[in-house]
Amino acid sequence: MSDGPLPVVSYLKMPEGGKPYLEGHRCDVCGAVFLGERRHCSKCGARDSMSTFQLSNRGTLYSYSIVHRSFPGNDVPYISAIVDLEGGGTIKGNLIGIEADPEKISFGMPVEVIFDDALGRKDGDGNSYLSYFFKPA
Amino acid sequence: MADAYVVGVDMIKFGRFPEKSVPQLGAEAALLALDDCGLTIKDMQALYCGNLNQASGMVGQRLLQEIGQTGIPVVNVSNACATGATAFREAWMSVKADVYDIVLAVGVEQMGKGLLGGGGGSKGISKEGLLGSGTMPSVFAEAGLEHTRNHGTTFEQFAKVSVKNHHHSTMNAKAMYQIETPLEVVMNAEMISYPNTKLMCSVNVDGSAAAVIASEQKARELGLMDRAIKVRASVLTSDPWQERDLVMPDVNSCTRMASKSAYEMAGVGPEDIDLVELHDCFATAEILHYENLGLCEEGEAGRLIDDGDVELGGRIPVNVSGGLLSKGHPLGATGIANIYEVSTHLRGEAGRRQVEDAKIGLTHVIGLGSACGIHILEKAA
Ligand SMILES: [Zn+2]
């Protein structure tokens, strides 16, 4: 078991003594943005063209669904949100801090990326995880 | 290159058959398709067999163990929800390439109940409900709300798709369900992922469908041209890069690429199409594909369903079989079942749900991952 929480996805970085952040990969040739480690660009086909950068913690809601039926043990309803980040990159996560009601949710609304414990979920070895969430900005 | 024709085609009534094996289910459709053209397995020169859940299980060979081990080449095909269409297309290509003159394509699937998708990764912890949702109802809800964002499409318009397709299925004895679902029933059904209610999700069923494909020369030799269906276009695409596709599977781009190629290959346009069987895995998806297939202008899909253009008797009937929403969606069988439906109309044999004077029809499937298959079919002259 590790001392502290583990990152929920490989592109959530937890620098020692620093704040957690999400990391993107950008193609030096065409500018396409990716999540997670990669070497080559699937947009333009360029090889060994990736540079890492810190994804923004601010973005806007692109699309969503309100999930009423999920896997056993998951609290419903919740909002599954797709967020376009400022400066590039699109990520998916739970939108919290707003009622799960289409009347209350608007496309393009500004949101902030926050980092918090992964809803108490632990893996088989008892490790806890750090996840990210969206909340209205 | 000479044309290739569907000379025999059929499907079993979709349902739940846990007592049967996958090869047994596939064999039923294979025999029905052979009977449709009065041939036997001994006349077939190759088998292209589509199945997803037993992709490594040699389903095609086991199917021949049910109906005749003639030693012909068997190709097992797996390509998400485009599996059946891909098996059909591989069969068609083998005839077009003049490798064989008559071959069999089968699509078969045995499904469990419940939510598809959202499993995602064995390491760490489950991400479902933590990083949004990866279930199919949610993925297609998010794709639908993208259309709402761009064009103002409403929950009610999405729901009307289910009203229409469930109505159509009341005229199709091979559909899983034949039940009318009025608008308020669809909208008030259990919400799965807004805006998709339970009645706006396709039905997980078991099923199979099969087609016999022959070269023109072979079809003439066998005297099968009377009911033959010409394959005017067969297209398969994969998903091109899109900026959001890492988190939002894009069902639009590969459908648009495929429909453009298919219309070019067939030398027809959307205005020439008399009926369409498209991939209504969710009610939201059908709305997107009206525009992706060029059945209406950009942003007009909501109006198309409001005006009844896509109903039986309308300008361009869509999913008169009942669609995946009511006929059912046995993943690997769906692509060939769509071809059966369109062929049946082109032959004028669709009974109560017959699209009058149908001359050219289009079938469409899309599997996430992604694979899109489109076929344009026409009654042989
Ligand atoms: Zn690039």
Side-chain angles (χ1 to χ4, degrees), chain A residues 6-10 12 30 32-36 41-45 61-71 73-84 88-95 100-102 105-108 118-125 127-129 131-134, chain B residues 114-155 158 189-198 200-201 238-250 282 284:
Chain A
L6 300 169
V8 70
V9 287
S10 66
L12 195 167
C30 75
V33 173
F34 299 90
L35 304 171
C41 178
S42 68
K43 183 185 185 190
C44 74
L61 180 68
Y62 181 71
S63 190
Y64 68 94
S65 62
I66 302 175
V67 182
H68 290 260
R69 194 198 279 186
S70 186
F71 292 1
N74 290 355
D75 286 335
V76 290
Y78 68 90
I79 305 165
S80 170
I82 292 165
V83 168
D84 289 342
T90 299
I91 59 175
K92 185 168 185 168
N94 288 7
L95 173 59
D101 175 355
I105 304 165
S106 48
F107 299 112
L119 304 175
R121 295 183 189 186
K122 290 189 166 54
D123 66 20
D125 298 325
N127 294 304
S128 61
Y129 283 77
S131 189
Y132 65 85
F133 301 87
F134 306 121
Chain B
L115 289 171
L116 293 182
S122 52
K123 281 190 290 185
I125 52 174
S126 166
K127 316 291 192 298
E128 184 63 24
L130 176 62
L131 297 181
S133 177
T135 67
M136 290 299 115
S138 293
V139 165
F140 282 91
E142 287 154 17
L145 288 188
E146 182 183 39
H147 200 270
T148 300
R149 174 196 180 98
N150 294 334
H151 303 297
T153 317
T154 64
F155 173 35
F158 291 128
E190 180 193 352
M191 185 58 75
I192 305 294
S193 281
Y194 177 86
N196 282 320
T197 69
K198 188 171 186 187
M200 296 162 71
C201 302
S238 62
D239 46 334
W241 186 89
Q242 291 290 324
E243 60 179 327
R244 295 186 186 86
D245 61 13
L246 295 170
V247 295
M248 190 176 183
D250 171 25
F282 294 88
T284 47

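Order of the sequence lines fixes the chain letters, A, B, ..., with proteins taken first and strands second; residue numbering starts at 1 for each chain.
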Nearest heavy-atom approach of A:N94 to B:G132 is OD1-N, 2.7 Å
Give, for atom CG of A:D101 and atom OH of B:Y194, the distance between the pair rounded to the nearest 0.5 Å.
8.5 Å
Contacting moiety of A:V33, where chain B heavy atoms sit under 4.5 Å
backbone
Enter the distance from B:E128:CD to A:S80:OG here, rounded to the nearest 0.5 Å.
7.5 Å
Please confirm whether the backbone N or O of B:S126 pairs with a side-chain atom of A:R121, one donor and one acceptor, at under 3.5 Å?
yes
Between A:D84 and chain B, which part of the residue has a heavy atom less than 4.5 Å away: side chain, backbone, both or neither?
side chain
Keeping A:K92 on the side-chain end and B:L131 on the backbone end, is there a donor-acceptor pair under 3.5 Å?
no
Chain A contact via B:Q242 - side chain, backbone, both or neither, heavy atoms under 4.5 Å
neither
Can you tell which part of A:D123 gets under 4.5 Å to a heavy atom of chain B, answering side chain, backbone, both or neither?
both
Modelled atom types, side-chain donor and acceptor of B:E243 and A:T90, under 3.5 Å:
no
Engaged part of A:L35 at the chain B interface, taking heavy atoms whose separation is under 4.5 Å
both
Which bit of A:S42 comes within less than 4.5 Å of chain B, counting heavy atoms only: side chain, backbone, both or neither?
both
State, to 0.1 Å, how close B:G124 and A:Y129 come at their nearest heavy-atom pair, and which atoms those are.
CA-OH, 3.3 Å
Taking the side chain as everything from C-beta on, heavy atoms only, tell me whether A:R69 gets closer than 4.5 Å to B:P137.
no
Within the 3.5 Å criterion, strictly below it, is a donor on A:S65 or B:E142 matched to an acceptor on the partner's side chain?
yes
Taking side chain as C-beta onward, heavy atoms only, is A:F107 less than 4.5 Å from B:N150?
no
Highest number of heavy-atom pairs under 4.5 Å with chain A: which of B:M191, B:R149, B:E146?
B:R149
Counting heavy-atom pairs under 4.5 Å with chain B, which one of A:F134, A:Y62, A:Y78 comes out on top?
A:Y62
At a 4.5 Å cut-off on heavy atoms, which part of A:I105 comes close to chain B: side chain, backbone, both, or neither?
neither
Give the member of B:D245, B:N196, B:L145 that has the highest number of heavy-atom pairs under 4.5 Å with chain A.
B:L145
Most heavy-atom pairs under 4.5 angstrom with chain A, which of B:P240, B:A141, B:G129?
B:G129
